[in-house]
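Please read the structure below before turning to the comments.
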Amino acid sequence: MKKKVLATIVAAAMSFSLLAGCGSQGAAPAAEAPAAEAPAAEEAPAADEAPSEDAAPAADGDVITVGFAQVGHESDWRTASTNSVQAALSKENGIDLQFVDCDNDSAAQLEAVRNFIEQDVDYIVIDPIVSTGWDTVLTEADDAGIPVIVIDRTIDDSDKYVSWVGSEFTNEGLAAGAWLKAYAEAKGIKELNILEITGTTGSSAEIGRTTGFHKYVDSEGWNLLDSQTGDFTQDGGQKVMESYCKSYEGKFNVVICQNDNEAFGAIDAMKAAGVSYGVDGDVIVISFDACTAGLQMVLDKEINADFQCNPLQGPDCLKLIQALKAGETVEKQTFMAEPWYVSEDILKDITYTNNSGKEVTEPLVVVDAATVEAAY
Ligand code: AHR
């Protein structure tokens with residue numbers, strides 16, 4: 001089928017609705033490949049490179065070529081995301097996947113997408129490092145008739161993609177705020193002096209978590225002492241926390257880290273500075289992601305609460321590609337299901353007004369060994 005014809009079908013599909021069984025909302029996240037070594041960066045193949053011959057053909061005999069421009073390898077979450085996409089978009093499933101690790105470099109990510117367009121791949125998958133700067137390159141993909149699927153983080157300055165599947169980051173931040181409010185009340189903590197370590201500036205994960213949590217900071221009148229980026233890395237979290245421990249010695253009782261790897265670094269820095277933290281310490285630790293190592297620290301009472309961000313988007317990606325290839329309609333947006341994890345059994349649930357303006361009551365899952373075992 002000619003790309004332009006396919007693009008027309010896709011455009012028509014975008015204005016309709018549901019791909020049955022494609023959505024993840026409400027489904028428990030499947031335990032998938034455990035976090036592994038960071039994937040090695042791969043060069044984008046030459047523009048005229050043919051699909052590798054050992055890819056199994058799809059049902060109609062075609063090998064589907066897909067280019068995936070991944071953010072990088074900054075966190076355990078990212079490793080799980082890469083594993084999930086590579087497992088689903090596999091030779092066994094008739095896909096020849098060109099994987100590019102963009103090493104958290106937005107210019108390299110745009111270049112990777114342009115290389116995919118030059119290669120005339122059948123589909124492009126993007127996990128956008130930052131949420132803006134996409135309009136021109138997505139127009140180029142659209143002009144070339146190549147459907148683009150966005151996963152995890154959002155693109156906010158173009159709608160020239162066929163479908164997005166990922167997390168409601170603002171709800172994650174709102175849930176963290178609602179939990180902290182309820183937890184402080186339950187523990188009789190009157191004053192909250194907060195240090196924040198944010199993720200990569202300009203990423204939708206950072207923007208959403210910050211926006212959600214700051215709604216509570218503002219409405220509750222909490223004291224936000226400082227907010228600096230740790231770039232979603234362990235090293236970044238550690239460096240920011242080392243400097244916080246010096247500047248705010250004895251003045252803070254909450255650290256909120258926007259991912260688990262930052263929390264690991266922040267905890268190392270607090271240990272080195274002699275600051276007590278976690279359930280039995282002076283400083284409440286809040287994190288996001290809920291990867292295996294993060295949940296182990298919740299079980300060990302070092303992290304008080306961990307708000308899941310689900311990285312297992314590979315199967316949804318495969319279903320989207322198969323549906324688009326079959327000319328079916330797909331959803332423009334699919335939200336992953338994401339539970340909230342805590343150390344202590346003192347609150348059953350939290351109630352908050354979510355990003356769609358709806359009041360929701362959601363359970364808090366007390367982590368046990370089985371929870372850690374089932375994590376990604
Ligand atoms: O975009 C998802 C975020 O990016 C995850 O929270 C973080 O771990 C990753 O690096």
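Counting starts at 1 for both ligands and their atoms, in listed order. Side chains included, hydrogens not; waters and symmetry mates left out as well; all remaining heavy atoms used.
Between Trp340 and the choices Tyr352, Phe307, Phe288, Trp179, the ring-ring contact (aromatic ring centres under 6.0 Å, His included) rule is met once, by Phe307. Shown are Asp231, Asn259, Thr229, Thr233; of these, the side-chain hydrogen bond (donor to acceptor under 3.5 Å, both in side chains) with Thr200 is made only by Asp231.
A 4.5 Å side-chain heavy-atom check between Val255 and Ile286 finds every atom pair outside the cut-off.
Side-chain atoms of Asn171 never come within 3.5 Å of backbone atoms of Asn354 as a donor-acceptor pair (strictly under, hydrogens ignored). Glu338 places no side-chain N or O within 3.5 Å of a backbone atom of Phe335 that could act as its donor or acceptor partner.
In summary, the atoms of ligand 1 found under 4.0 Å from a heavy atom of Glu74, numbered by their order in the structure, are 4 (O), 9 (C), 10 (O). Interface of Ala205 with ligand 1, defined as ligand atoms under 4.0 Å from a residue heavy atom, comprises 1 (O). When each atom of ligand 1 is checked for a heavy atom of Arg78 under 4.0 Å away, the hits are 1 (O), 2 (C), 4 (O), 9 (C), 10 (O). Every atom of ligand 1 is numbered from 1 in the order shown, and the set under 4.0 Å from a heavy atom of Ser75 is 7 (C), 8 (O), 9 (C), 10 (O). Close contacts between ligand 1 and Asp152 involve ligand atoms 1 (O), 2 (C) [criterion: under 4.0 Å to a heavy atom].
In this structure, the protein non-hydrogen atom closest to atom 4 (O) of ligand 1 is Arg153 NH2, 2.9 Å.
The shortest heavy-atom distance from Arg209 to ligand 1 is under 4.0 Å.
Geometrically, ligand 1 and Asp289 share a nitrogen or oxygen pair separated by less than 3.5 Å.
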* side chain to side chain contact (heavy atoms under 4.5 Å, CB included) between Thr351 and Glu359, intermediate numbers included -> CA-CA 7 Å; Thr351 298; Glu359 187 174 288; 3.6 Å; yes
